[in-house]
2 protein chains.
Amino acid sequence: MGTRYRGSPGAVRALNAYVALVRAAESVTARLQPRIDRAGLTVSQFGALEALLHLGPLCQKELGTKLLKSGGNITMVVDNLERRGLARRVRGEDRRFMAVHLAPAGRRLLRRIFPGHVEAIVREMAILSAVEQKKLRVLCRMLGLQERRDA
Amino acid sequence: MGTRYRGSPGAVRALNAYVALVRAAESVTARLQPRIDRAGLTVSQFGALEALLHLGPLCQKELGTKLLKSGGNITMVVDNLERRGLARRVRGEDRRFMAVHLAPAGRRLLRRIFPGHVEAIVREMAILSAVEQKKLRVLCRMLGLQERRDA
DNA sequence: GCGGAATGATTCAACATCAAACCATCAACG
DNA sequence: CGTTGATGGTTTGATGTTGAATCATTCCGC
């Protein structure tokens, strides 16, 4: 995303803000990535385990919503977690639902790597003061929580 | 990324800020996506055309840096753009470099869709005031411009 | 109850992405 | 010059991701 675009000041301002937003998210996430790689997980797998640890068992649909991934993809992510013994599927009372549970090995793995992950995030964000971090959160939440519109 | 994590206030603050940042970027980008889909482009293809339009011809390495994508991937993106007649490769004087040029069809396509894209971004960002947009940009740039560290 | 709509999960084909290995070209140095 | 190292690009193999089609199950109106 170049910055050579010429348009109204309002458009340039919005564009600059958007580009900076996306770059910041990608940049920080890229710096977090090696740590997850080293645990032998993909970002989606890590996200799924993290959601299961902190939210408890979820059905795949819910997992997809949390991770912003398609249903087909969740099937594969859970397949891989199950194959490695990190999670297990339990068919729900409503037999359409598959409740995904964290297996003991998955819980151990996540407990082992999650603290370091949080520390890394803290270090990444430490370039901002506490007040700035809060401000960033407020601004981002306004953008993130908007309703989807006409397209 | 759930928010049920219990840790020190500083850790929770950093985590909340980071999660909000990533969600905002993904959320806004997802709302922009259908517009790009409708033009029959992938996000990377759109990004490449946009870079070429506003920065002029670039070699693939530069393109990769702009788009934060691997070299191998750029080869495929440019392959696909070239196959559709939207871009063309020109071997440079230093024959290692491939200068990627925007083809007339690519220029027409981008000129047709880019203004609407910018308008959509302006609408997305309009939930923030001008001052807030500038503040967001400043905060995000601090995060984005940090040096990569030990890992 | 029954037949169809709705919902969750799975499969499948197409494509994106990456890292590593590889090839081609250039630059530097003896 | 000729070798060696650096640099840009491509290929390859593995995996992730998506959207559409499909299957199984449940829900709902009649």
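Naming convention: chains lettered A, B, ... in sequence-line order (proteins, then strands); numbering from 1 in each chain. Worth saying up front: this structure is predicted, and the values here are computed from it rather than measured.
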Q | End axis versus end axis in the helix from dG1(C)-dC30(D) to dG30(C)-dC1(D), the angle rounded to 10°, five pairs used at each terminus | A | 20°
Q) Nearest heavy-atom pair of L143(B) and S27(A): which atoms, and what distance? A) O-OG, 4.0 Å
Q.
Using whole Å, what does the distance between atom P of nucleotide dA24(C) and atom CZ of R89(B) come to?
A. 16 Å
**Q.** Any donor-acceptor N/O pair, Q133(B) side chain to A130(B) backbone, under 3.5 Å
**A.** no
**Q.** Atom pair CG (L81(A)) and CG (L49(A)), whose distance is rounded to the nearest 0.5 Å
**A.** 5.0 Å
Q. Do the non-hydrogen side-chain atoms of Q45(A) and L86(A) ever get within less than 4.5 Å of each other?
A. no
Q. When the nearest nucleotide of DNA chain C is assigned to D79(A) and to F97(A) on a heavy-atom basis, which residue is associated with the more 5' position?
A. F97(A)
Q | Spacing of Q60(B) atom CD relative to dT7(D) atom P, expressed in whole Å | A | 18 Å
Q | For atom CD of E93(B) and atom P of dC26(C), their distance in whole Å | A | 9 Å
Q) Rounded to whole angstroms, how far apart are CD on Q33(B) and C1' on dA16(C)? A) 12 Å
Q: Using atom CG of L81(B) as one end and atom P of dC15(C) as the other, report the distance to the nearest whole Å.
A: 14 Å
Q: Find the distance R83(B):CZ to dT10(D):P and express it as a whole number of Å.
A: 14 Å
Q: Check whether any side-chain N or O of Q60(B) sits under 3.5 Å from a backbone N or O of M98(B) as a donor-acceptor pair, and report yes or no.
A: no
Q: Could you check how far NZ of K61(A) sits from P of dT25(D), rounded to whole Å?
A: 18 Å
Q. Can you give one letter per nucleotide of nucleotides 15-24 of chain D, 5' to 3': B if a protein heavy atom sits under 4.0 Å from the base, S if only from the sugar-phosphate, - if neither?
A. -SBB------
(Q) Are E119(A) and R123(A) packed together at the side-chain level, in the sense that at least one heavy-atom pair is separated by less than 4.5 angstrom? (A) yes
Q.
Taking the side chain as everything from C-beta on, heavy atoms only, tell me whether I113(A) gets closer than 4.5 Å to L41(A).
A. yes
Q. Do we see a donor-acceptor contact under 3.5 Å between the side chains of N16(A) and R13(A)?
A. no
Q) Can you check whether V100(B) reaches E62(B) side chain to side chain, under 4.5 Å on heavy atoms? A) no
Q: Report the distance from atom CG of L58(A) to atom P of dA9(C), rounded to the nearest whole Å.
A: 11 Å
